[in-house]
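What follows is a short report on a single structure.
In what follows, chains are A, B, ... by sequence order, proteins preceding strands, each numbered from 1. Please read all numbers here as calculations on a predicted model, not as lab measurements.
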There are 4 protein chains.
Amino acid sequence: MKRQVSVTIFGASGYTGAGLYSLCLRHPGVHIAALSADRHAGERLSAVFPRMAGLTDRVMVSVEEAVEQATEVAFLCLPHEAAMAVVPRLLDKGCRVFDLSADFRMDTPDSYAAWYKVQHTAPELLAAKVYGLPEFHRERIREARLVAVPGCYPTSVQIGLAPLLKHRLIDPRTIIVDAKSGVSGAGRKLSQRTHYVETNENIAPYNVGRSHRHVGEIEQELSKFAGEAVRVVFSPHLTPMNQGILSTMYVDLTQPLGTSELLDLFRSEYAGERFVRVLPHLPETAFVQNTNYADVSVHVVPDTGRAIILCAIDNLVKGAYGQALQCMNIACGFDEGCGLPV
Amino acid sequence: MKRQVSVTIFGASGYTGAGLYSLCLRHPGVHIAALSADRHAGERLSAVFPRMAGLTDRVMVSVEEAVEQATEVAFLCLPHEAAMAVVPRLLDKGCRVFDLSADFRMDTPDSYAAWYKVQHTAPELLAAKVYGLPEFHRERIREARLVAVPGCYPTSVQIGLAPLLKHRLIDPRTIIVDAKSGVSGAGRKLSQRTHYVETNENIAPYNVGRSHRHVGEIEQELSKFAGEAVRVVFSPHLTPMNQGILSTMYVDLTQPLGTSELLDLFRSEYAGERFVRVLPHLPETAFVQNTNYADVSVHVVPDTGRAIILCAIDNLVKGAYGQALQCMNIACGFDEGCGLPV
Amino acid sequence: MKRQVSVTIFGASGYTGAGLYSLCLRHPGVHIAALSADRHAGERLSAVFPRMAGLTDRVMVSVEEAVEQATEVAFLCLPHEAAMAVVPRLLDKGCRVFDLSADFRMDTPDSYAAWYKVQHTAPELLAAKVYGLPEFHRERIREARLVAVPGCYPTSVQIGLAPLLKHRLIDPRTIIVDAKSGVSGAGRKLSQRTHYVETNENIAPYNVGRSHRHVGEIEQELSKFAGEAVRVVFSPHLTPMNQGILSTMYVDLTQPLGTSELLDLFRSEYAGERFVRVLPHLPETAFVQNTNYADVSVHVVPDTGRAIILCAIDNLVKGAYGQALQCMNIACGFDEGCGLPV
Amino acid sequence: MKRQVSVTIFGASGYTGAGLYSLCLRHPGVHIAALSADRHAGERLSAVFPRMAGLTDRVMVSVEEAVEQATEVAFLCLPHEAAMAVVPRLLDKGCRVFDLSADFRMDTPDSYAAWYKVQHTAPELLAAKVYGLPEFHRERIREARLVAVPGCYPTSVQIGLAPLLKHRLIDPRTIIVDAKSGVSGAGRKLSQRTHYVETNENIAPYNVGRSHRHVGEIEQELSKFAGEAVRVVFSPHLTPMNQGILSTMYVDLTQPLGTSELLDLFRSEYAGERFVRVLPHLPETAFVQNTNYADVSVHVVPDTGRAIILCAIDNLVKGAYGQALQCMNIACGFDEGCGLPV
């Protein structure tokens with residue numbers, strides 16, 4: 001693969017955009033056209049992230065300039081609302097767009113409005129987008145013009161539950177997801193919530209029940225695997241570490257099955273998937289830190305008719321920019337793992 | 001209250017014993033007779049815990065010496081098995097015993113053997129002990145000769161679920177407990193699991209399902225509130241902080257109830273309990289760190305028939321030595337909060 | 001001591017003010033007149049710090065209201081500049097003022113202007129204030145109307161170096177201070193510097209050399225012990241923990257002395273000081289966490305003519321509100337340790 | 001470069017050995033002959049480090065077996081003493097040896113015995129070895145049969161001080177090194193010192209003065225740059241993070257020089273060095289985490305005649321296995337940065 005694709009990254013001054021750029025620097029098939037960061041336009045990326053000193057002298061530009069310079073591939077690491085403001089123009093220019101915001105994850109304008117409390121400004125694209133979870137939508141990603149890269153929590157939940165839902169092995173009304181996330185999931189923007197002193201030495205649940213925005217995305221996608229409406233109870237927790245998500249999921253089984261049978265099912269479903277590791281032992285977030293792996297395991301709880309499924313990912317990598325690059329690799333004909341850390 | 005009780009602490013070189021001793025130093029009604037620490041007998045406590053320099057010159061003695069010196073009150077901060085080896089002798093001497101180990105928490109020799117894989121050597125005391133969770137057993141603690149102080153996880157679970165079980169508001173077969181603990185819960189003993197590098201920046205589930213030893217204690221005690229057999233799914237997670245437990249609990253409601261009704265029920269059930277705070281917002285472990293508080297809240301999940309109950313405690317304080325001292329205060333006629341941090 | 005003093009705390013919504021209030025709640029001789037927090041006026045303190053739920057229903061007021069309500073004792077936990085705006089009025093009302101800001105630490109308007117880049121608005125009070133480091137200025141604190149409570153770094157440095165400077169044992173031009181601080185030293189205000197992700201897993205030096213504002217205070221006070229001008233090299237480092245300062249200090253000895261001689265000198269100088277612990281082993285910040293102790297040790301480096309002095313304090317307690325309360329205890333005739341954590 | 005070298009790693013079950021193996025897996029010119037781990041012989045590496053699941057099925061062997069299988073290149077990630085027991089045999093077999101232990105870092109048997117308190121068993125090799133700090137010894141490494149890879153602290157100190165010593169710009173008797181290290185520097189072996197609870201939320205100095213073993217290595221190597229005997233004061237501190245070293249160094253300048261002159265000198269000395277970044281701002285350990293970079297800066301302190309030099313490295317990468325691989329790349333004719341993370 002000698003071809004080089006021209007890539008523009010929008011929102012390079014956040015953790016996701018900067019991490020994506022770091023991967024792109026090492027990707028043999030990527031040429032960087034522009035990096036945008038409105039608030040930091042005119043500054044070097046290495047001034048914002050000193051760890052990149054010596055790796056790049058790249059100066060960031062405004063979103064407008066980046067739209068102009070984008071030609072072939074655009075990654076959007078922007079907040080929701082900001083993304084949908086530029087996606088139509090990028091598509092019109094012929095770019096293939098990989099949107100890491102939430103703007104195109106929902107399938108309908110109504111569901112978007114319901115979960116994000118804002119009207120969608122490019123509703124016609126919602127049906128046209130492809131949902132960028134390669135393990136389930138690889139073929140459609142190959143041809144997609146607009147890929148909505150999944151949220152971090154939804155990625156871990158789908159990898160954990162899809163095999164069971166597809167085989168009708170669990171009651172889709174009994175799903176409980178207890179998720180633990182590192183702090184980078186809240187982004188680089190300042191808030192009391194992410195102040196060191198208040199996050200360190202603390203486990204903090206937030207938006208428990210069905211109030212976190214990712215619930216909409218989770219239920220939408222799980223329902224497709226289930227073939228019927230899925231409703232989840234979802235409790236995210238902020239934990240004192242930088243990176244990582246562990247989703248501990250609880251389900252009622254529809255038939256008596258043992259742990260080893262279910263592990264076999266997972267192994268079979270994910271056979272050939274290089275970024276999913278089905279483990280007989282329990283996943284831990286440290287095992288996937290800075291990698292694109294999703295580690296998954298399943299354990300039947302004796303005498304209860306229930307199973308526990310655990311899935312660990314790095315929220316920034318498989319949960320964001322790693323998965324986005326994986327999608328791009330597929331769409332642009334590179335080896336799927338090209339440039340991805342393992 | 002001018003009376004002084006003579007207190008002996010067994011196992012003073014662990015986190016629990018040393019923490020208890022620190023509280024006792026400030027307790028106006030406590031005179032310390034002896035501290036035991038077999039491995040460190042002959043050493044000063046402040047040599048093991050330099051933070052206690054200047055506070056005490058106390059030298060630790062062997063368990064045997066401590067048994068001899070114990071007269072009135074004995075706290076046992078020993079591993080299970082070691083505790084039951086000395087409890088009968090202490091009771092014979094007329095001591096009131098507050099056992100922080102697991103040895104007397106189960107009600108029958110069979111259940112003890114089932115969960116701890118060892119035969120009980122003082123089975124006749126299992127029925128005689130009082131379970132030391134003051135919010136539920138205050139009157140019996142007042143007269144008890146042997147108090148089995150609860151485990152850290154079971155304390156948080158019972159405070160979270162007792163009101164609902166007592167009022168038959170939840171299906172006792174649907175309880176799921178997802179618990180997150182700080183590392184001090186694993187004690188001061190060395191293990192790869194508690195090595196800094198492997199615990200830092202990591203969320204690690206362990207013994208998920210029904211395999212953790214605290215499941216036996218949880219099910220035994222919850223069944224009493226429910227009036228029927230309770231079975232729980234229990235997933236503990238090791239998290240990168242020193243102290244704290246958050247138990248996130250999921251239940252099916254037996255009738256349609258709202259969050260505010262349930263909060264009112266909790267407020268009513270815990271009215272007058274100075275160490276239980278019923279919160280309208282979500283508990284976090286930092287809010288209870290180094291205190292004897294249990295913070296509890298409940299949230300009904302719309303359209304699911306389920307509720308989430310959250311309970312945060314400091315695993316070392318309300319989950320161990322604070323609760324033990326609370327029991328002693330009750331048993332010996334001190335103000336219940338005497339010497340306890342809030 | 002049955003007397004109650006009426007205390008007003010300005011700036012109660014910061015770490016220092018809230019911590020001071022927590023101590024006051026347990027202090028038998030303190031009655032709280034008012035808590036100020038301009039930005040949070042009208043809110044409960046427990047809404048800002050949920051850990052105080054159940055401990056207090058106190059509502060915070062504006063600075064203006066607090067000035068009106070202050071009668072006897074005022075603690076100022078305000079930023080510099082804000083403090084000097086109210087101190088004269090509080091003194092006029094007859095209050096004894098304990099100012100935890102930097103506004104009255106310098107001895108002259110010029111040195112204040114030089115280090116804080118702002119003109120002093122109450123310059124006549126600079127000479128009248130008493131510097132609130134009880135171990136060195138106890139008698140003057142007893143009578144003081146205005147106490148300038150020292151900065152956190154300067155406290156640790158003075159306790160470490162005063163004995164040596166007073167006895168002319170070190171060359172006052174050779175002092176190097178390498179200090180490591182927890183993140184709470186930067187306050188509760190938001191900044192990229194204190195964002196969890198950027199502080200966690202990081203050691204970050206800042207303002208090294210002679211650029212940190214505490215250098216002025218350190219040199220001013222050390223010069224008094226030395227009887228000549230002292231100049232220090234000072235390198236603060238932000239470290240991934242909530243609380244604590246360790247100052248590692250390097251000096252040239254003026255005469256050949258051994259470690260044990262110097263330890264004896266320290267023991268003699270601090271004999272009777274209940275909050276200074278002279279240790280033969282190395283201090284660590286965890287040993288003083290949440291206490292008012294300063295742990296200090298000294299080690300002569302063989303074959304170099306140099307000594308290393310180490311001093312650990314909790315930056316929020318002995319480095320701020322604990323020391324302030326210690327000063328108040330002295331000034332108001334309470335036992336010096338009343339209400340202080342050890 | 002199509003050539004493949006056959007590499008054997010001794011001590012693969014420690015952080016250094018496993019990290020080195022991870023790099024080797026991605027190195028296009030490395031074929032792994034064997035991994036040794038006596039205590040874990042017969043086990044898969046991925047059983048000890050679950051993060052390597054899916055990356056390798058490699059089973060570890062005994063040291064004896066590894067010696068037999070080693071043919072071309074051997075990396076020794078063994079404790080000192082264990083390394084010198086096998087090095088002569090590996091050299092006899094014709095292997096090029098890269099020893100990450102301390103066994104061959106000292107130049108004479110006497111200095112080894114003085115610092116490591118044990119007699120050297122292969123003293124004739126001490127003079128024959130090459131000290132593996134490529135920035136200073138690149139040409140000799142090219143031909144070396146035995147490379148003694150430097151310690152982590154000494155690497156950071158030499159990169160920080162060599163330019164100044166070589167140009168006689170500092171007084172070699174005035175060097176003070178205050179170093180802060182992450183916990184992985186203490187290895188994977190269990191000790192109370194590395195127990196999570198006792199290291200978290202703590203800054204702990206240890207072996208201050210001239211007692212740490214790295215002092216011997218530092219003084220030996222710095223003396224070569226200086227052309228005269230150098231004596232340092234060295235204070236290492238354990239800090240609550242996994243990886244990273246920051247050395248803050250204090251020196252007396254021999255002539256009046258400004259910060260920008262010294263930065264220019266550093267830039268000139270390290271021109272062309274791809275793993276040394278000379279920074280105008282202050283280095284932080286997070287900026288070099290998981291990279292082979294050494295970040296260095298220098299700041300003259302006004303009015304003192306002193307300068308502060310700061311050097312940050314990842315103790316495991318540039319401080320250990322990254323530097324070892326860099327040496328191997330040089331010795332075996334690969335591109336110097338091949339396989340190294342930046």
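Residues B:E198 and D:R188 have side chains in contact (heavy-atom distance under 4.5 Å, counting atoms from C-beta outward). When side chains are defined from C-beta on, D:Q192 counts as touching B:L190, because their heavy atoms get closer than 4.5 Å. A 4.5 Å side-chain heavy-atom check between B:Y196 and D:V197 finds every atom pair outside the cut-off.
Interatomic distance, B:T194 OG1 to D:N200 CG, rounded to the nearest 0.5 Å: 12.0 Å.
Ring geometry, D:H195 versus B:Y15: the interplanar angle exceeds 60°, so the pair is classed perpendicular (tilted spans 30 to 60°).
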